[in-house]
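Presented below is the structure to which this report refers.
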Amino acid sequence: MGRNSKDREMQCISSELHTEILPGTEIMTDVGTHHFVKGAHNKTVLVPQPSADPHDPLNWSTGWKIACITSASLATFSQGFGPLALAPMFPALMTAFECSLADAVQFTGVCILVLGFSNFFWVSISTSFGRRPVYLLSQLINFGSSIWRAKARSYSSFMGACVLNGIGAGPAETIMPAVIADIFFLHDRGKWNTLYWVVYMGSLTLGPIVSGVMTEKVGFRNFWWLNVALLGLSFVLVVVAFPETRYTRGARPGLAVNSTRKGIVRNRTEKTSPSPTPEIEKLEHVQTSNSTSPADVSLTQVDTAARDPYLGRGLPGKFQWNVFQPNAHPLKSIFLDLWIPWKLFAFPIVEFASFVVSWSCSFILTLNLTQSQAFSVAPYHFSAQNIGFLNFAILVGTFIGLATAGPLSDWVSARSTRRNGGIREPEMRLPAMIPYVIIMYLGNIVVAVGYERHWPWQAIVIIGFTCAGIQVAGLPAIVSTYAVDSYKPVAGSLFVSITVNKNVWGYGFSKFITPWVIESGFIPPIMTNGSLTMLWCLFGVLFWWKGKTIRRWTRNSSVHSM
């Protein structure tokens, strides 16, 4: 009943607007007899439409949403802090475990490979039993892996700890975007997704800074004890400040119109209940002899506060503090979650997002894997501490990206929506990629040529490293938001597809970049990576032009009803 009523509504709205409404297309204005729950001084149509349940995460108060996103951010940061923190400590690891540089680099490579594939498990748990159990269990695994790293006395033992760390750190790359989609509306999603990329990439950047100082001053093992403390703090915060955000609501329960002249009465049977599945609206069709066009209908509009009295005032229910949420068909749900990421690889929009994210992030991986190789020798002779400090430039760049990318993409999309009569298409945010593509390529050129020609370190770091930080906060946030807007019901599985693609490339890159640099210098590998990033980004022109046509190809896919 709910699905059929939603389809009829969409057909009606599409007819009134004279435009095709596909999955991903959103109505950001009232249309004829259709009026929506709004926010922002009763002007902005809220997408998705919240239910009338006070426990609906979309209805939660600002305080609860901030507590939730803070907990998710600290979990993401603490999980990303360790895996790429090894670069400044490579010399110390080579000494401690009597291995070569290439062998030490594999500590990072193996960890990120396992990290990517671990998300098949984590996203299955997330969609079947909730986000909360994922954060609790993964933080316990990371806690144990950090203790193991601190105590490891052999190469194989430390590698085992890296593998365990990769398993535990997987949620850093997939769960926070799902949480953002759970609790925030579409018009705010760009800035929050940018926050996610800044938190995650910031952790990967800050890790080497701290590990470099600690390796030189107190030894590399104490860095892992610091991780133990950070992960413990995050675990406690999840326990006390992160209620479950996974929630199932009815089909577009925000519509509330009484139109007697047209003869259509829409009533909602609302039920305030701790149940996570509110009543689905019911449509009653009353036969009349007369009919008028939507423009002539006399409307009695119901105020937003009457349709959703809990908007901005809700709070988590007791059931949302359980360790996990019950699932009537867990095996079926888990099977689907194992299969859907592979299915999404056949969707062009997901492939586009995966390749842009993968190669944009690999710029950071490139810096991580080459900075010791470039700056520990003549003419620089930097210590581990000083090599770690170079990553401050990347961190500054990510904050510049945070301040610009999300607001820019939301503004570009909102501007295009107004010009399009209140109809928002996901492709509208893609033009915001342009400045970050330019910055990305400039940064690759400066780093590659600077390394090779021994430019002053200030030029390489202040320009090249900062550009790397700016682009990694901008490009992944914009394209991943585009993909989520197009396939919101499978946001978690979508990020598994992105993460597997990214980490397989990252593992391969970590295998061959060191011998490639030794054989051919810095320019070929770094500029190959930069040019591939440019190539994938240029496909944004195609998706901006024909993205809606491409979405039409998958309009009947089951992923839209999951």
Side-chain angles (χ1 to χ4, degrees), residues 24-26 28 40 44 47 176-177 180-181 184-202 348-361 363-364 396-420 422-444 466-488 491 494-495 498 530 533-548 550-551:
T25 301
E26 299 291 352
M28 305 300 291
T44 305
V47 178
M176 188 171 168
I180 290 170
F184 293 112
F185 297 103
L186 175 66
H187 65 277
D188 277 336
R189 208 171 286 160
K191 66 184 180 185
W192 291 110
N193 275 328
T194 303
L195 173 66
Y196 157 68
W197 284 107
V198 168
V199 168
Y200 182 54
M201 300 312 297
I349 290 173
V350 177
E351 279 296 282
F352 166 63
S354 296
F355 277 77
V356 172
V357 171
S358 298
W359 270 262
S360 173
C361 291
F363 189 8
I364 300 297
V396 170
T398 61
F399 282 111
I400 295 173
L402 172 63
T404 59
L408 176 62
S409 69
D410 284 339
W411 177 81
V412 167
S413 187
R415 182 170 177 266
S416 296
T417 300
R418 289 193 297 270
R419 290 185 170 185
N420 198 38
I423 310 303
R424 175 173 290 191
E425 306 288 359
E427 292 77 22
M428 290 177 174
R429 68 175 69 247
L430 292 179
M433 293 174 62
I434 295 172
Y436 301 100
V437 173
I438 297 171
I439 289 170
M440 175 278 300
Y441 208 66
L442 173 64
N444 274 276
T466 302
C467 284
I470 295 172
Q471 64 88 36
V472 85
L475 293 175
I478 293 168
V479 297
S480 63
T481 303
Y482 169 50
V484 169
D485 288 350
S486 300
Y487 301 104
K488 161 65 170 63
L494 188 153
F495 270 88
I498 291 174
T533 311
M534 174 68 80
L535 174 63
W536 311 137
C537 288
L538 289 176
F539 276 97
V541 177
L542 173 64
F543 285 92
W544 177 79
W545 178 40
K546 289 293 185 181
K548 189 164 186 176
I550 294 170
R551 282 188 288 122

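Atom-to-atom distance recorded for I439:CD1 and I434:CD1 is 12.0 Å, nearest 0.5 angstrom. To the nearest 0.5 angstrom, M440 atom CE is 10.0 Å from I438 atom CD1. Taken from CD1 in I470 to OG1 in T404, the straight-line distance is 7.0 Å, to the nearest 0.5 Å. Atom CH2 of W544 sits about 12.5 Å away from atom CD of E425, to the nearest 0.5 Å. The distance from atom CD1 of I180 to atom OH of Y196, rounded to the nearest 0.5 Å, is 8.5 Å. One distance of note links SG of C537 with CG of L430; it measures 10.5 Å at 0.5 Å rounding.
Aromatic ring centres of F355 and W359: separated by under 6.0 Å. Annotation: F539 is not in aromatic contact with F352 [ring centroid separation under 6.0 Å not met].
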Quiz item: Given the rule in the side chain to side chain contact (heavy atoms under 4.5 Å, CB included) test, do D485 and R424 qualify, once you have shown the distances and angles that lead to the verdict?
Solution: CA-CA 10 Å; D485 288 350; R424 175 173 290 191; 5.9 Å; no
Self-check item: Verdict with supporting geometry, F399 and L402, side chain to side chain contact (heavy atoms under 4.5 Å, CB included)
Solution: CA-CA 5 Å; F399 282 111; L402 172 63; 4.2 Å; yes
Practice problem: Walk me through it: do V437 and M534 pass the test side chain to side chain contact (heavy atoms under 4.5 Å, CB included)? | Solution: CA-CA 7 Å; V437 173; M534 174 68 80; 3.5 Å; yes
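A pairwise comparison of heavy atoms in T194 and A473 identifies CG2-O, 3.8 Å as the closest pair. Residues N420 and I423 approach most closely at ND2-O, 3.0 Å, considering heavy atoms. In plain terms, the two heavy atoms of I364 and G469 that are nearest each other are CD1-N, 4.4 Å. In terms of heavy-atom proximity, M201 sits nearest to C361 at SD-SG, 4.1 Å. Nearest approach of P435 to L408, heavy atoms of both residues: CG-CD2, 4.1 Å. Of all non-hydrogen atoms in C467 and L442, the two that sit nearest each other are SG-CD2, 4.1 Å.
For Q471 (side chain) and S360 (main-chain N/O), a donor-acceptor pair under 3.5 Å exists by modelled atom type. With hydrogens and angles disregarded, no donor-acceptor distance shorter than 3.5 Å links the side chain of S413 to the backbone of S409. Side-chain atoms of Y436 come within 3.5 Å of backbone N or O of A405 as a donor-acceptor pair.
S480 and W197 share a side-chain donor-acceptor pair at under 3.5 Å.
Contact of the D410 side chain with the R429 side chain is registered, since non-hydrogen atoms from C-beta on lie closer than 4.5 Å. Side-chain contact check for T533 versus F363: every heavy-atom pair is 4.5 Å or farther apart. No side-chain heavy atom of P476 sits under 4.5 Å from any side-chain heavy atom of V356. Counting heavy atoms from C-beta outward, P177 and L494 have side chains that stay 4.5 Å or more apart.
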